[in-house]
Amino acid sequence: MCGIVGYLGKKDALPLVVDGLKYLEYRGYDSAGVAVHTGSKIEIVKAVGKIQDLERKLKNPPKGRCAIGHTRWATHGRPSLENCHPHQSSSAKIALVHNGIIENYNVLRTQLQEEGVVFQSETDTEVLAQLIGKYYVDDLAEAVLQALREVEGTFAIAVMAQDKPSEIVAAKRAAPLCIGVGRDENFIGSDALAFIKHTNKVVYLKDNEAAVLTAKSVLVRNLRGKKVNPKTQTLSLDPASIEKGEYPHYMLKEIYEQPHAVQDTLDGRISPQNDEVIFRELEKHREYLSNINKVFIVACGTSWHAGLVAEYLLERYARLSVEVDYAAEFRYRYPVLDKKTLVLTISQSGETADTIAAIGEAQSLGAKVLSIVNVPSSTIARNSNMVIYTYAGREIGVASTKAFTTQLVVLSLLTVYLGLLRHTLPADQATVMLHDLKCVPIEISKIFTEVDNIKRIAKAFYRHSNALYLGRGVGFPIALEGALKLKEISYIHAEGYSAAEMKHGPIALIDENMPTVVLAFKGRRYEKILGNIMEVKARKGKLIAVASASNDDITRVANEVIRIPDATEGISAILAVVPLQILAYYIAVEKGCPVDQPRNLAKSVTVE
Ligand code: G6P
């Protein structure tokens, strides 16, 4: 949440910073601002709204070789010009951008007010700018460190001083921040996406570290002032992969990338004979994994839905007792864990604040943490005992699509891996499951032949203001995910339910104005689902069924049918989410919604 960018070098800094902000807009987009050091002073331009709104205000842009920028997701204070970053100290000597929450800001604000400071905004961030301003004499890094020692909470910051035209100080605690190391130029970003076009050499700052940047140097210290030797990594992220290309939205691009993303995630992980899952990353933990007796799955949002699917798979095939929890609940609920509990976290970004905190909590209680993560070098990847990467590639659309399907693929592989390790899954059954998993990329591609049908359905239904999504078994979490996609990007109220549970409440809502999307794929609950469909139909409900190709009887009962290829229940869950993503996408397009940047949402939730 909130994106930070910085540049120092020989080039005109502002265009580079604004361009970087565009790549970070997924982190927040209710206002944006930049501070440019012109050589003699700091000039600040801010705008409420998106980066485009900021660009409109930059007709006569300030010129300079040192600049910082920010795209905001409001926490303290509404989106307004006053609350927009960069914030300044009263003397205007200091300009600062911040991601995170200063938790003791009220105490600090009162102290500063008693000392005569007059605040211009409602934000927690301005407190930090004022505090640094108070301590600043001529050593910016020292003033930043001094201020940060008084601060409680989370922060990633970039700071400039009026009389230091060629220096930026950056620091972080529990919010992501990295430095792009170039030749005679250096960059700062909440995410390497901000500068990957210019350099792939990256230093990830650790918590409680601060860096002093000039065009030619990056000096890192911890908050006590002790020098630290930073580790520079070379990222393999292809800059072209973060462009939208021919697609109108990242979400659509990412939906269509799914066959490829799943293939990348599968590559090298299934033996040629389909008799073994190859997780080299788990090799040295085999003994531990064969002795676990419980799995606690912890995640947020769409990743939590992937966890719910895994609950069915792991219980059925690996015979493990599984509990699934939201990270924010898990971390505060006094969970019962021990050395035989595996905590499995799932995260696309690897930066979700609650999931990071849940990992710390689990480890402090003696459990080991295995994380399924999409972004390499993320905090979750670094903090976990074991990591399995999904290879979805960068996901930029706020609504998660390809990250989810690749998570489901990894979780299916993990199920087979643990089932074989624990001797709960017969070898011949494992072989069939692995063979089926290898077919997922091609089976997803077949679903794209349904796009015109789905577009037509979207046109027919986009005016509704409510929808119900029903499924059973692994179809239940897919129903939750389908409803979430619709809510997120089209602002239509949608509820996902276990189809059986419908009779305990939601059925009261059903009439001709409440469309129901039902997951009716093959499996041992299919007949029961048909029964639920009849119950909806009897109450004049309109039905959109996502059904397996050979389920002929469905056409008699559903108003609309979207086909997915015939497959086992587990594979059908992976396939069935794709048409739900496409349906949500075209409904949002029909409604004219900003698909990639839905209001109030951020891709990476870095505050609790
Ligand atoms: C936000 C995003 C979701 C995502 C969730 C968890 O809410 O908008 O798409 O599923 O965070 O994020 P993570 O990166 O931990 O999977």
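Numbering of ligands and ligand atoms starts at 1, following listing order.
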Charged tip of Lys368 within 45° of Tyr288 ring normal and under 6.0 Å: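 Output yes; distance and angle both within limits.
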Stacked cation flag Arg599 on Tyr491, 6.0 angstrom / 45 deg: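 Yes, Arg599 sits over the ring of Tyr491.
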Which ligand 1 atoms are under 4.0 Å away from a heavy-atom of [X]?
X	result
Ser400	9 (O)
Thr302	10 (O)
Ser347	13 (P), 14 (O), 15 (O), 16 (O)
Val398	8 (O), 9 (O)
Ala602	1 (C), 2 (C), 8 (O)

Heavy atom of the protein closest to atom 11 (O) of ligand 1 (residue, atom name, distance):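 Checking every protein heavy atom, the shortest distance to atom 11 (O) of ligand 1 gives Lys603 O, 3.7 Å.
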Heavy atom of the protein closest to atom 12 (O) of ligand 1 (residue, atom name, distance):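 The protein heavy atom lying closest is Thr352 OG1, 3.3 Å.
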Whether His85 and His70 hold their rings parallel, tilted or perpendicular, with breakpoints at 30° and 60°: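 If you compare the ring of His85 with that of His70, the planes turn out parallel.
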Ring geometry between Phe187 and His198 (parallel below 30°, tilted from 30 to 60°, perpendicular above 60°):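 The arrangement is parallel - the two ring planes meet at less than 30°.
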Polar contact flag for Ser303 and ligand 1 (N/O pairs, less than 3.5 Å):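 Looking only at distances, the answer is yes, because the N/O contact criterion of under 3.5 Å is met.
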Any Leu54 side-chain heavy atom under 4.5 Å of Leu21 side chain: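 Leu54 reaches Leu21 side chain to side chain.
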Side chains of Tyr586 and Leu252 in contact at under 4.5 Å (non-hydrogen atoms):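 Of all side-chain heavy-atom pairs linking Leu252 with Tyr586, at least one is under 4.5 Å.
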Proximity to ligand 1 by part of Val605, non-hydrogen separation under 4.0 Å: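 The part of Val605 near ligand 1 is the side chain, not the backbone.
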Side chain, backbone, both or neither: the part of Ala299 lying under 4.0 Å from ligand 1 by heavy atom: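 The answer is neither.
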Step-by-step salt bridge (charged side-chain N to carboxylate O under 4.0 Å, His left out) determination, Arg78 to Glu122: CA-CA 8 Å; Arg78 73 208 145 88; Glu122 306 155 272; 3.7 Å; yes
Donor-acceptor pair between Ser303 and Gln407 side chains, under 3.5 angstrom: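 A pair is found: one side chain offers a donor N or O, the other an acceptor, under 3.5 Å apart.
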Residue-ligand contact Cys300/ligand 1, heavy atom below 4.0 Å: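 Within the 4.0 Å threshold, so yes.
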